[in-house]
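Only one structure is covered here, and it is reproduced in the block below.
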Amino acid sequence: MGNYNLAVIKGDGIGPEIVTEAMKVLEKIGTMFGHTFAFTECLAGGAAIDATGQCLPEETIAACKGADAVILGAVGGPKWDNVPGNQRPERALLGLRDQLGLFSNLRPAIIHQALSAASPIKAEIIGDSLDILIVRELTGGIYFGDRGYREGKYGTEAYDTESYSETEIRRIGKTAYEAAMARKKHLVSVDKANVLESSRLWRKIITELAADYPEVTVEHMYVYNAAMQLVRNPKQVVVIVTSNMFGDIFADEASQITGSIGMLPSASLGEGAFGMYEPIHGSAPDIAGQNKANPIATILSMAMMLRYTFGLEAEASCIEQAVTNVLNAGFRTADIASEGETALGTKEMGEKIREKMVK
Ligand code: NAD
């Protein structure tokens, strides 16, 4: 029995709707397994800009640092599209990762058997199921590098810089090798070492780390080849480790293979057990406030939190099994419904999952 303090950033768009369902799932876990979850709600993104003028207020950073883990919905939306670049709602995400030292992002892309028809990939390629883990570096690379405007040969130019230190590569590499050990002991490291100096260092460090994990076979793939293999033969890429920008793109490619972006959870982790848990999708302004969003990605993110931060395997499995059972029973939200299938709303899907939770 544990007492867990969680900072909750519901965010913008569909954020409040999906996070509310996820919080109710945790409350049910608390009742079933005898834990208490205390929620401290705080602001980030567009909602924070409206309330405080800043996308990531100091109080939010303090609340997150004081919590055992952070739950995040999504931030951003058209309302804030004209806010200057360094104050856009999405900058709050980079700020949170940076301030909280969350350098690795784990994004499982799983196809549930019941949803295999939703995948745009042929059934014979997918087989019964697909379970890929993307380990993305989160606080380095081009998203954090030197940037700006300058006068160049052809007039004003904008630039962004990709750089990686040995330390940054080593720590994400360790996370990835550990993940590979827990899976099929095969790791695919994705880079662009034929062109980029930072990728050559990436490849060197990932290769060096292999000595500490003799059971893991490591394969290096250029990013264009990996993007192709992911749709041609996704079963061969069980665990992928890659840089911040490549990982960003890969995660969305993988999400499309699974059929819906509304299904995929993520964990952002640092050195210790602390983590931030969020769906991989954005704030979906087109369906916000309409009870149409799929809450499953956020609910599965809670399972990741219970497993990775709190070590509560039975509780994590309870949530994952409930989601599988709900899908097997034929319940769908609009984004995963086939033609002719009735779609549940966000609240109703949350309720169904809670009904199916058994010890
Ligand atoms: P998005 O992921 O919000 O939406 C893409 C499409 O997927 C939309 O059609 C949307 O309706 C659908 N979708 C997304 N999540 C869904 C869910 N749970 N259930 C059903 N359908 C879902 O991407 P976008 O439209 O490019 O971005 C919208 C805003 O979100 C932008 O401001 C963007 O910057 C922001 N964003 C935030 C995050 C984050 O907070 N982590 C991530 C990506 C994008």
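Just so it is clear, the values below take in all heavy atoms, side chains as well, and ignore hydrogens, waters and symmetry mates. One-based numbering, in listed order, for ligands and for the atoms of each. As the structure is a computational prediction, the values presented were derived from the model and not from experiment.
- Across all their heavy atoms, Ile142 and Arg147 have their closest contact at O-NH2, 3.4 Å.
- Only the side chain of Leu93 comes within contact range of ligand 1, with a heavy atom under 4.0 Å; no backbone atom does.
- Taking 4.0 Å as the cut-off between side-chain N and carboxylate O, Asp81 and Arg88 count as a salt-bridged pair.
- The protein heavy-atom contact nearest to atom 43 (C) of ligand 1 is Gly282 CA, 3.5 Å.
- In this structure, Pro120 and Ile257 have side chains that are not in contact, with every pair of non-hydrogen atoms separated by 4.5 Å or more.
- In summary, Glu315 and Arg307 do not engage in a salt bridge, as defined by a charged side-chain N under 4.0 Å from a carboxylate O.
- Below 3.5 Å of separation, one finds no N or O of Arg88 facing any N or O of ligand 1.
- Per-residue contacts place Ala74 under 4.0 angstrom from the following atoms of ligand 1 (heavy atoms of the residue considered): 40 (O).
- Residues Val75 and Leu56 are members of one and the same hydrophobic cluster, defined by side-chain heavy-atom contacts under 4.5 angstrom among Ile, Leu, Val, Met, Phe, Trp and Tyr.
- Of all the listed residues (Ile261, Ile18, Asp252), Ile261 holds the heavy atom that lies closest to atom 7 (O) of ligand 1.
- Contact annotation: for Asp335 versus ligand 1, heavy atoms closer than 4.0 Å belong to the side chain alone.
- No cation-pi contact links Lys192 to Phe246, judged by a cut-off of 6.0 Å to the six-membered ring centre and 45° from its axis.
- Under a 4.0 Å criterion applied to the non-hydrogen atoms of Gly76, ligand 1 contributes the atoms 32 (O).
- Using a 4.0 Å cut-off between heavy atoms, Asn294 contacts ligand 1 through both its backbone and its side chain.
- Residue contacts with ligand 1, taken as heavy atom pairs separated by less than 4.0 Å, involve His281 via backbone and side-chain atoms alike.
- For Ala293, the heavy-atom gap to ligand 1 drops under 4.0 angstrom.
- In Ile14, the part holding a heavy atom less than 4.0 Å from any atom of ligand 1 is the side chain.
- The existence of a salt bridge linking Lys204 and Glu208 is confirmed by a sub-4.0 Å separation between a basic side-chain nitrogen and an acidic carboxylate oxygen.
- The residue Lys292 has no part lying near ligand 1, judged by heavy-atom distances below 4.0 Å.
- Listed by number with element, the atoms of ligand 1 under 4.0 angstrom from any heavy atom of Ile287 are 11 (O), 20 (C), 21 (N).
- For atom 33 (C) of ligand 1, the nearest protein heavy atom lies under 4.0 Å away.
- Note: Phe39 and Phe37 have parallel aromatic rings, judged against thresholds of 30 and 60 degrees for the angle between ring planes.
- In Pro285, the part holding a heavy atom less than 4.0 Å from any atom of ligand 1 is the side chain.
- Remark: Arg136 fails to qualify as a cation-pi partner of Phe250 under the 6.0 Å distance and 45° angle criteria applied to the six-membered ring.
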